[in-house]
Colleague: 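Here it is, the structure in full.
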Amino acid sequence: MTREIKEAVARLIREGIDKARRKGELVSCDLPDITLEIPSERNHGDLATSIALRLSSHLNLPPRKVAEVIVKHVKAISPQPSRPVRDKFPLGGSSIISQIEVAGPGFINFFLAREALYPVLGDIEEEGANYGRSNLGKGKKVLIEFVSANPTGPLTVAHGRHGAVGDALANILQMVGYEVHREYYYNDVGHQMDILGKSVQARYRQLRGEESPFPEDGYKGNYITGIAQEIARECENVDRGDSGFFRSFAEEKILESIKKDLEDFGLKFDDWIKEKDIYESGQVKKTLERLRKEGHIYQKEGALWFRSSHFGDEKDRVVEKSDGQPTYLAPDIAYHQNKYERGFHCLIDILGPDHHGYVERLKAAIEALGHEKDSLKVIILQLVSLYRGKEKLPMSTRAGEFIALRQVLDEVGKDAARFFFLMRTTNSHLNFDLDLAKSQSTENPVYYVQYAHARICSILDFAAKRGVEVKKVEEVDLSLLKEKEELEMLKTLAQFPEVVESCARALEPQGLSSYLQELAGGLHNFYTKFRVIGPGDGNLGSARLILVKAVRTTLRNGLRLLGVSAPEKM
RNA sequence: GCGCCCGUAGCUCAGUUAGGACAGAGCAGCGGUUUCCUAAACCGCGGGCCGCGUGUUCGAGUCACGCCGGGCGCACCA
């Protein structure tokens, strides 16, 4: 429901309670926030409040009695267009309500007058691609770090989910008024990269017919052999004893393929940060030094420990091993400090479930460095299992038996992949069925939503061919829209900005994909029952054209936020 | 043993952030809809001790505590 409608109704309730108090029918007490919700049950009205239930214990009156008193006074308030939103349909006073009732244990249900629903069409016409935009974020700078896969192998399906969720969240946060920066961080130094180099080196030697043992913990995927073959093809005078050469060659190749995959998946990052840069700029040393000075670091058994237990972590953590090498945590602390120093005071990290134990120590570190613990929000994104129908596919990265994101993209396409990754809440495991994502049938929710968009385009094409123009809201009698299906769509349209905001607040894009399915459903339902172009004197058609065009705008906006295309033809 | 996530219809999942009305959707199953803007669509019908228990509350799928079951972690790895 639009904010204007909710505010108007809440204002009515408050006025009703005030009147009852002045007449002595209700005693005064602290008034809780008047919350209005959209009941799940149709015949419970368009908006409902449980205010009477909340007040009853303070007032020492049965809840139904409280509700009845409030309703009596609300009904007596005369229509006052206190805040006209649009000339034709002033929103305010009781004129937007068609019926009020007390129900159940003491709920107050409001049924909206049709006139209250029409202004949303004017909003959508006016705002267009900006419909759904708000200023919740007030321009605050947010840095969202996601994917951040190390260049040791191709992106997996799990990275795909991270990419889809991170990008959608970034879009949503931008839509509600944050200034969003997308960042990718990767480790280009250290043990894992050395193993990568040695793995490629071994494969290269084997290609040359040498006896060369494969490292025990090496990367076994076929792509390693592929890189070795490229070296054999492209490079002369290879020093086959220099694993560093193989490492940097592999890093470059893999990074290149990662970037290509991300591009084809529609992901763009504002910055790529390398672990090496964090070291070379001296930030690791500087940050550890600062922690040490402030007493958060101590020496024990030859290693340096960060006193994270002082900040809520279950135990202290090593930041520098007894051999003098820093642990992974050290550059990561420095990297996060670096984010703050660049002016970001709201950080979001998207991590896999294998990193959940890591969150507390990271938060401890940022707190030790003087930042608000809550200024870092970590989204733990649960795993993805791939299915082909009923069959579960193996996903062992170690053994090199995994389906790469690339294969999924090639097989089901960007749109289906994106949508599927966004269909579940972030903290539930995702079962991704390749067969379903591919099927061009009624079962596939991506096509369901896209098809609604294409259908509307088709109606508008048809109208253009017939010489029927799409008029402006001001020129049309919107009150001709009175079928149940039309009013349902109007209500759904009006909810869009709130849905975007609630996704932003919860850092959870799933709500948006559900919303789009609902809006598409409303359109399909309407479409099969009524005609837009054709019957009548044309006035009804004009009103319906405006309605379906508004649905198209909203579907487009929603799909754009999810990173899914809105095709005009299918 | 400890920590995090999950447990809701035959299947896949919403609903738990902020407690409210007889718990929703999609798919699968069964039956129907096309002289008309794309049938990749629509309509109808069944189907549930919300894992179990105790507590808080006027009210618990939602909160607290304890169990049971599944997943993922618990490194001087990254």
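Per chain, numbering begins at 1; letters A, B, ... match sequence-line order.
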Colleague: Can you check the distance between G73(B) and C11(B), where both ends of the measurement are the C1' atom (answer in whole Å)?
Modeller: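 Comparing C1' positions in G73(B) and C11(B) gives a spacing of 29 Å.
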Colleague: Nearest whole Å is fine: how far is G3(B) C1' from E360(A) CD?
Modeller: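 From E360(A) CD to G3(B) C1': 10 Å.
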Colleague: Check whether any side-chain nitrogen or oxygen of R505(A) sits under 4.0 Å from OP1 or OP2 of A18(B), and answer yes or no.
Modeller: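 Checking A18(B) against R505(A), no side-chain N or O comes under 4.0 Å of OP1 or OP2.
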Colleague: Can you find a side chain N or O atom of T528(A) that sits less than 4.0 Å from OP1 or OP2 on C37(B)?
Modeller: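 For C37(B), OP1/OP2 do not have a side-chain N/O of T528(A) under 4.0 Å.
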Colleague: Under the 3.5 Å rule, do the base of G73(B) and the side chain of H355(A) count as making a donor-acceptor pair?
Modeller: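 Side chain to base: no pair below 3.5 Å.
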Colleague: Work out how far the P atom of G10(B) is from that of G47(B), and round it to whole angstrom.
Modeller: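 It comes out at 11 Å once rounded to the nearest Å.
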Colleague: Check every strand shown and say whether R54(A) touches a base, only sugar-phosphate, or nothing at a heavy-atom separation below 4.0 Å.
Modeller: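 Contact class for R54(A): base.
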Colleague: Suppose we call a contact any N or O donor and acceptor under 3.5 Å apart; does that hold for the side chain of S322(A) and the base of C76(B)?
Modeller: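 Under the 3.5 Å cut-off, the side chain and the base do form a donor-acceptor pair.
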Colleague: For S50(A), answer base if it contacts any base atom (sugar-phosphate contacts may also be present), sugar-phosphate if it contacts only those atoms, and nothing otherwise; contact means non-hydrogen atoms under 4.0 Å.
Modeller: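 The answer is base, as S50(A) lies within the cut-off (heavy atoms under 4.0 Å) of a base atom.
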Colleague: When the P atoms of C50(B) and C43(B) are compared, how many Å lie between them, rounded to an integer?
Modeller: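 It works out to 29 Å between them.
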Colleague: For W305(A) and I297(A), indicate whether the former's side chain and the latter's backbone hold a donor-acceptor pair under 3.5 Å.
Modeller: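 Looks like no, no N/O pair under 3.5 Å.
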Colleague: Base, sugar-phosphate alone, or nothing: which one does F306(A) contact when heavy atoms must sit under 4.0 Å apart?
Modeller: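 Here F306(A) touches no strand at all.
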Colleague: When you measure only distances, ignoring hydrogens and angles, does the side chain of N109(A) come within 3.5 Å of the base of A21(B) through a donor and an acceptor?
Modeller: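 Yes.
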Colleague: Does M423(A) or K300(A) map to a spot on RNA chain B nearer the 5' end, using the closest nucleotide for each?
Modeller: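 Going by which nucleotide is closer to the 5' end, it is M423(A).
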Colleague: Main chain of K274(A), side chain of D188(A): is a donor-acceptor contact present, judged purely on distance under 3.5 Å?
Modeller: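 Flag not set: sc D188(A) to bb K274(A) has no pair under 3.5 Å.
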Colleague: Taking only side-chain nitrogens and oxygens of T327(A), does any of them come within less than 4.0 Å of OP1 or OP2 of A75(B)?
Modeller: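 False: T327(A) side-chain N/O out of range (4.0 Å or more) of A75(B) OP1/OP2.
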Colleague: Under 4.0 Å, heavy atoms only, any strand: does A463(A) hit a base, just the sugar-phosphate, or nothing?
Modeller: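 Nothing: the residue A463(A), judged by heavy atoms under 4.0 Å, touches no strand.
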Colleague: Under 4.0 Å, heavy atoms only, any strand: does H44(A) hit a base, just the sugar-phosphate, or nothing?
Modeller: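 H44(A): base contact, heavy atoms under 4.0 Å.
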Colleague: May I ask you to evaluate whether N427(A) reaches the phosphate of C4(B), defined as a side-chain N or O under 4.0 Å from OP1 or OP2?
Modeller: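 Answer is no, no contact under 4.0 Å.
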Colleague: As a test of your reading of the structure, name each stem of RNA chain B as range with range, where a stem is three or more consecutive Watson-Crick or G-U pairs at under 3.5 Å.
Modeller: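 Paired runs of 3+ in RNA chain B: B:1-7 with B:68-74, B:10-13 with B:24-27, B:29-33 with B:41-45, B:51-55 with B:63-67.
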Colleague: Taking the minimum atom-to-atom distance to the side chain of Q382(A), which one of A40(B), C5(B), C37(B) wins?
Modeller: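 Of all the options, the side chain of Q382(A) is nearest to C5(B).
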Colleague: Just by distance, do the side chain of Y328(A) and the backbone of N187(A) share a donor-acceptor pair under 3.5 Å?
Modeller: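 Here the side-chain-to-backbone pair does not exist.
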Colleague: Rounding to the closest angstrom, what is the interatomic distance between G59(B) and G46(B) at atom C1'?
Modeller: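 Their C1' atoms lie roughly 31 Å apart.
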Colleague: Say you pick atom P in U17(B) and the same atom in C63(B); how far apart are they, in whole Å?
Modeller: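 The answer is 5 Å between these two P atoms.
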Colleague: Whole-Å distance between C13(B) C1' and Y387(A) OH?
Modeller: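 Distance check: Y387(A) OH to C13(B) C1' gives 13 Å.
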Colleague: Heavy atoms from C-beta onward define the side chain here; which of C76(B), A14(B), A21(B) lies closest to that of P39(A)?
Modeller: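 Side chain of P39(A) sits closest to A21(B).
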Colleague: Establish, for the pair R455(A) and Y527(A), whether the NZ or CZ atom is under 6.0 angstrom from the six-membered ring centre and no further than 45 degrees off its axis.
Modeller: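 Yes, a cation-pi geometry.
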Colleague: Using a heavy-atom cut-off of 4.0 Å across all strands, would you classify A48(A) as base, sugar-phosphate, or nothing?
Modeller: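 The residue A48(A) makes base contact.
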Colleague: Could you check whether any side-chain N or O of K392(A) sits under 3.5 Å from a backbone N or O of S385(A), counting only pairs where one atom can act as donor and the other as acceptor?
Modeller: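 Between the backbone of S385(A) and the side chain of K392(A) there is no qualifying donor-acceptor contact (under 3.5 Å).
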Colleague: From the set A39(B), C77(B), A14(B), return the single nucleotide nearest to any side-chain atom of H191(A).
Modeller: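 So the nucleotide nearest the side chain must be C77(B).
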Colleague: Quick one: label P105(A) by what it contacts on the DNA or RNA (base, sugar-phosphate, nothing), any heavy atom closer than 4.0 Å.
Modeller: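 Here P105(A) touches no strand at all.
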Colleague: Expressed in whole Å, how much space separates the P atoms belonging to C5(B) and A18(B)?
Modeller: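 My reading of the P atoms in C5(B) and A18(B) gives 15 Å.
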Colleague: So which nucleotide from C2(B), C37(B), A21(B) ends up closest to the side chain of E314(A)?
Modeller: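 Out of C2(B), C37(B), A21(B), the nucleotide with an atom closest to E314(A)'s side chain is C2(B).
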Colleague: Is there a donor-acceptor contact under 3.5 Å from the side chain of H336(A) to the main chain of I333(A)?
Modeller: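 No.
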Colleague: Using the side-chain heavy atoms of I459(A), tell me which of these nucleotides is nearest: A75(B), C37(B), C77(B).
Modeller: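 Taking heavy atoms from C-beta onward, the closest nucleotide is C37(B).
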Colleague: E301(A) near the nucleic acid: base, sugar-phosphate alone, or nothing, with a heavy-atom cut-off under 4.0 Å?
Modeller: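 E301(A): base contact, heavy atoms under 4.0 Å.
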Colleague: Does the ring of H429(A) lie flat against the base of G71(B), closer than 5.5 Å centre to centre with planes under 30°?
Modeller: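 The base of G71(B) is not stacked with H429(A) (the test needs centres under 5.5 Å and planes under 30°).
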Colleague: Please tell me if Y448(A) has a side-chain N or O lying less than 4.0 Å from either OP1 or OP2 of C42(B).
Modeller: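 Yes, such a contact exists.
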Colleague: Side chain of S428(A): nearest nucleotide among C37(B), C76(B), C13(B)?
Modeller: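 When the side chain of S428(A) is considered, C13(B) is the closest of C37(B), C76(B), C13(B).
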Colleague: Atom CZ of R361(A) to atom P of C4(B): distance rounded to whole Å?
Modeller: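 About 15 Å, once rounded to whole Å.
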Colleague: Between Y358(A) and T425(A), just flag the one whose closest nucleotide in RNA chain B comes earlier from the 5' side.
Modeller: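 Going by which nucleotide is closer to the 5' end, it is T425(A).
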Colleague: Using modelled atom types only, decide if a donor and an acceptor are shared between the side chain of E367(A) and the backbone of A364(A) within a distance under 3.5 Å.
Modeller: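 Here the side-chain-to-backbone pair does not exist.
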Colleague: Name the residue from H162(A), Q510(A), E508(A) that meets the side chain to side chain donor-acceptor pair (under 3.5 Å) definition with T426(A).
Modeller: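 Option passing the side chain to side chain donor-acceptor pair (under 3.5 Å) with T426(A): E508(A).
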Colleague: Under the side-chain hydrogen bond (donor to acceptor under 3.5 Å, both in side chains) test, which residues partner T152(A), sequence neighbours left out?
Modeller: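 So T152(A) forms no side-chain hydrogen bond (donor to acceptor under 3.5 Å, both in side chains) with any residue.
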Colleague: Using a cut-off of strictly less than 4.0 Å, decide whether N525(A) has a side-chain nitrogen or oxygen near OP1 or OP2 of A41(B).
Modeller: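 The answer is no; no side-chain N or O of N525(A) sits under 4.0 Å from OP1 or OP2.
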Colleague: Sticking with atom C1', work out how far C13(B) lies from C37(B), rounded to a whole angstrom.
Modeller: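 Rounded to whole Å, the distance is 34 Å.
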Colleague: Would you say a side-chain N or O of K529(A) is under 4.0 Å from OP1 or OP2 of C37(B)?
Modeller: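 No, outside the criterion.
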Colleague: Using the test salt bridge (Lys or Arg N to Asp or Glu O under 4.0 Å), find all partners of D461(A) that sit at least two apart in sequence or belong to another chain.
Modeller: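 Checked D461(A) against salt bridge (Lys or Arg N to Asp or Glu O under 4.0 Å); matches are K569(A).
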Colleague: Would you measure the distance from the P atom in G53(B) across to the matching atom in U8(B) and give it in whole Å?
Modeller: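 Here G53(B) and U8(B) have their P atoms 16 Å from each other.
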Colleague: Please determine, by modelled atom types, if Q283(A) and N338(A) share a side-chain donor-acceptor pair under 3.5 angstrom.
Modeller: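 Yes, a side-chain donor-acceptor pair sits under 3.5 Å.
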Colleague: Measure from the side chain of R455(A), starting at C-beta and using heavy atoms only, and say which of C72(B), A41(B), C76(B) lies closest.
Modeller: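 Selected nucleotide (nearest to the side chain): A41(B).
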Colleague: Between A21(B), A40(B), C76(B), which nucleotide gets closest to the side-chain atoms of A103(A)?
Modeller: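 Shortest atom-to-atom distance from the side chain points to A21(B).
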